[in-house]
Asks: 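Quick one: this structure, given as structure tokens, is what I'll be asking you about.
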Amino acid sequence: QVKLVESGGGSVQAGGSLRLSCEASGNVASRTCMAWFRQAPGKEREGFAMFRPDGTIKYTESVKERFTISNDNVKNILYLQMNSLKPEDTAMYYCAAGVKCGYLISKGDFNYWGQGTQVTVSS
């Protein structure tokens, strides 16, 4: 099984920055797609950044030019650098792994999930 553990969440003022990490362990030989999701209370879990096996990266419009993901292949860590944070970014943030990547960042494509880390942005 694959285990994913997120870290780096916390509270920050609007305009600030946070860097999240997702460390993978266990059997990751079948891992071909990694992504970041977030979920605010009462809302659906939404994917906003995806790292494809071919090295391409997809972001949703809400985070483009503000969030950046990168992968440490040696340590099996997926990073999420978040800049210019807004109150609407407040949510529980999750990393996920799946067999393949689609065009859209869909929950159904991922079968391994971390426990989540809370990000709170105050105005």
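All values below come from the heavy atoms of this structure, side chains included, with hydrogens, waters and symmetry mates left out.
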Asks: Tell me, with the steps shown, if M82 and T68 meet side chain to side chain contact (heavy atoms under 4.5 Å, CB included).
Replies: CA-CA 7 Å; M82 303 185 292; T68 303; over 6 Å; no

Asks: From K86 NZ over to S123 OG, what is the distance, rounded to the nearest 0.5 angstrom?
Replies: 13.5 Å

Asks: Do F37 and M34 sit in the same hydrophobic cluster, where Ile, Leu, Val, Met, Phe, Trp and Tyr count as joined when their side-chain heavy atoms come under 4.5 Å apart?
Replies: no

Asks: Any idea how F67 and Y93 line up, ring-wise: parallel (<30°), tilted (30 to 60°), or perpendicular (>60°)?
Replies: tilted

Asks: Under the side chain to side chain contact (heavy atoms under 4.5 Å, CB included) criterion, do R52 and C33 qualify, and how do the steps go?
Replies: CA-CA 5 Å; R52 299 188 177 95; C33 185; 5.5 Å; no

Asks: Under 6.0 Å from the six-membered ring centre of Y94 and within 45° of its axis: does the NZ or CZ of R38 meet both?
Replies: no

Asks: Would a single hydrophobic cluster contain both F51 and V2, if residues Ile, Leu, Val, Met, Phe, Trp and Tyr are joined by side-chain heavy-atom contacts under 4.5 Å?
Replies: yes

Asks: Search all heavy atoms of G116 against all heavy atoms of M92 and return the closest pair with its distance.
Replies: C-SD, 3.7 Å

Asks: Which pair of heavy atoms, one from Q81 and one from N83, lies closest together, and at what distance?
Replies: NE2-OD1, 3.1 Å

Asks: Just wondering, do C95 and Y112 contact through their side chains at under 4.5 Å, heavy atoms?
Replies: no

Asks: Please list, one pair per line, the donor and acceptor atoms closer than 3.5 Å that link side chains of residues 99-111 to other protein atoms, with sequence neighbours excluded.
Replies:
from, atom 1, to, atom 2, distance (Å)
S106, OG, G108, N, 3.4
K107, NZ, E44, OE1, 3.3

Asks: Identify the heavy atoms of P87 and A14 that sit nearest to each other, and give their distance.
Replies: CD-CB, 4.1 Å

Asks: Among the clusters formed by ILVMFWY side chains lying less than 4.5 Å apart, do F48 and I57 turn up in the same one?
Replies: yes

Asks: For V121 and E88, run side chain to side chain contact (heavy atoms under 4.5 Å, CB included): C-alpha distance rounded to whole Å, both residues' side-chain angles, the deciding distance at 0.1 Å, then the answer.
Replies: CA-CA 8 Å; V121 184; E88 49 263 47; over 6 Å; no

Asks: Do L80 and V119 sit in the same hydrophobic cluster, where Ile, Leu, Val, Met, Phe, Trp and Tyr count as joined when their side-chain heavy atoms come under 4.5 Å apart?
Replies: yes

Asks: Quick check for you: to the nearest 0.5 Å, what is the distance between T90 atom OG1 and L85 atom CG?
Replies: 8.5 Å

Asks: Looking at every heavy atom in both A49 and I69, which two are closest together, and how far apart are they?
Replies: CB-CG2, 3.7 Å

Asks: E6 versus L20: any side-chain heavy-atom pair under 4.5 Å?
Replies: no

Asks: Please find the pair of heavy atoms, one from E61 and one from K64, that lie closest to each other, and give the distance.
Replies: OE2-NZ, 3.0 Å

Asks: Just by modelled atom types, is the S11 backbone N or O under 3.5 Å from a matching donor or acceptor in the T120 side chain?
Replies: no

Asks: Shortest non-hydrogen contact from A97 to L4?
Replies: N-CD1, 3.8 Å

Asks: Please write out which residues are connected to Y79 in a hydrophobic cluster, directly or through intermediates, given that two of Ile, Leu, Val, Met, Phe, Trp, Tyr count as joined at side-chain heavy-atom separations below 4.5 angstrom.
Replies: I77

